[in-house]
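Working notes for the structure below.
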Amino acid sequence: MPEGHSIRHLATIHEGAFAGKTVRASSPQGRFADEAKNIDNRILNNTTAHGKHLFLHFDTGQTVHVHLGLYGWFYLSKNPNKKPKDSTRLRLQHDIYISDLVAPTACELLDDAGVSAIKKRLGPDPIHDDADPEQAWKKIVKSKRTIAGLLMDQSVIAGIGNVYRAELLFLSRLDPFIPGTQMQREKFDEIWRNASILLRDGSTDGKIRTVAPEHLGEDEVKLHGCSQFSYVYKRQRQSCRLCMTEVKETELDSRTLYWCPTCQR
DNA sequence: TGAGTATGTTCAG
DNA sequence: TGAACCTACTCAT
């Protein structure tokens, strides 16, 4: 489930498990073997996250940069005898914890310049206290692209993926297809504010929660806290939770967009 | 058991 | 714009 909230969640978990400790690093799959040797038996200083990018900073001055992509994930375990899968790109281990990274889009060893280059091409991340929404607003308001497309552009705002995109647009009752040039400042501020709140909330346990309890069905209320619900994401051909109009889906920039044509006019 | 789908990004053409 | 990356889950057979 790798949107920004998951990456922050994983950064926090890895910092708690490994920071300040001497870590064994290996690559059972082999594709990160040479790089793993550089950080094997070194101390992991701390972790950071920006958008969907995770950084593990070592005392060598080097940083492991991970992007999970669509399939990637870290599997944490306390079982010292756990066997890695053949596909495990990176295994981090010390006395207590094992973390296995499987199927990431990116796993590479960078110096400070490499880390800076990645952060430079990313927009502000609403999960950060010191993120500057002005940077995002300036790009949005001068773009003719749709607001739905702009919200998914990591160089505009970092960390929002397809689920949060759909839900944020619904929460602000925004037509996904209006161009950035027609965005109202108040609407942008609302999206930014909601993104900050929802991403932070999701980062506590890695789960996306966007629906207010009063908008959940009776059966769903019983499950609330165990499962994830949405207003429009993946609810195509179902009724809108608020107005009962059928939720629509369409392809936009090669991703599926979900919206309520009545609430989001 | 196999097909289909997915919360993402990069690169070739 | 489409293919590639190459995992986990759901659903139909």
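Any value given below was found using the heavy atoms of this structure, including those in side chains, with hydrogens, waters and symmetry copies removed.
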Euclidean distance, atom CD of residue A:Glu3 to atom C1' of B:dA6 [Å, nearest integer]: 11 Å
Can you pull the ring-ring contact (aromatic ring centres under 6.0 Å, His included) pairs that have at least one residue in residues 134-159 of chain A, sequence neighbours excluded? A:Trp137-A:Phe188
Between CG of A:Leu68 and C1' of C:dT7 the distance, given in whole Å, is 12 Å
Looking at A:Tyr71, I'd like to know whether one of its side-chain N or O atoms comes within less than 4.0 Å of OP1 or OP2 on C:dA4. no
With salt bridge (Lys or Arg N to Asp or Glu O under 4.0 Å) as the rule and sequence neighbours excluded, what pairs involving residues 239-251 of chain A come up? A:Glu220-A:Arg241, A:Arg237-A:Glu249, A:Glu246-A:Lys248
My understanding is that a hydrophobic cluster links ILVMFWY residues whose side chain heavy atoms are under 4.5 Å apart, including indirect links. Using that, what else belongs to the cluster containing A:Val115? A:Phe55, A:Leu110, A:Ile118, A:Leu122
Which is true for A:Ser87 with a 4.0 Å heavy-atom rule: it touches a base, it touches only sugar-phosphate, or it touches nothing? sugar-phosphate
Polar atom pairs between nucleotides 1-5 of chain B and protein, under 3.5 Å, N or O only, would you list them?
none

A:Gln135: which residues meet the side-chain hydrogen bond (donor to acceptor under 3.5 Å, both in side chains) condition with it, sequence neighbours left out? none
Starting from P on B:dT7, measure out to CD on A:Glu249 and report it in whole angstrom. 11 Å
Expressed in angstrom and rounded to an integer, what is the separation of A:Leu257 atom CG from B:dG8 atom C1'? 16 Å
May I have all residue pairs that pass salt bridge (Lys or Arg N to Asp or Glu O under 4.0 Å) and include part of residues 102-130 of chain A, sequence neighbours excluded? A:Asp129-A:Arg200
Rounded to the Å, how far apart are A:Asn162 CG and B:dA6 P? 9 Å
In whole angstrom, what separates A:Leu252's CG from B:dT7's P? 13 Å
Using atom CD of A:Gln236 as one end and atom C1' of B:dA6 as the other, report the distance to the nearest whole Å. 12 Å
With sequence neighbours left out, which residue pairs that include part of residues 62-90 of chain A fulfil the salt bridge (Lys or Arg N to Asp or Glu O under 4.0 Å) condition? A:Lys82-A:Asp100
Scan side-chain atoms only and decide if A:Thr105 and A:His67 contain a donor-acceptor pair under the 3.5 Å cut-off. no
Sticking with atom P, work out how far B:dT10 lies from C:dA8, rounded to a whole angstrom. 23 Å
Distances under 3.5 Å between nitrogen or oxygen atoms of protein and nucleotides 9-13 of chain B:
unit_1, atom_1, unit_2, atom_2, d
B:dT9, OP1, A:His67, NE2, 3.4
B:dT9, OP2, A:Lys52, NZ, 3.4
B:dT10, OP1, A:Arg121, NH2, 2.9

Sequence neighbours excluded, every pair satisfying salt bridge (Lys or Arg N to Asp or Glu O under 4.0 Å) that has a member inside residues 49-61 of chain A: A:Arg42-A:Asp59
Between A:His5 and A:Tyr164, is the ring centroid distance below 6.0 Å? yes
Taken to the nearest whole Å, CG/A:Leu101 to P/C:dA8 is 12 Å
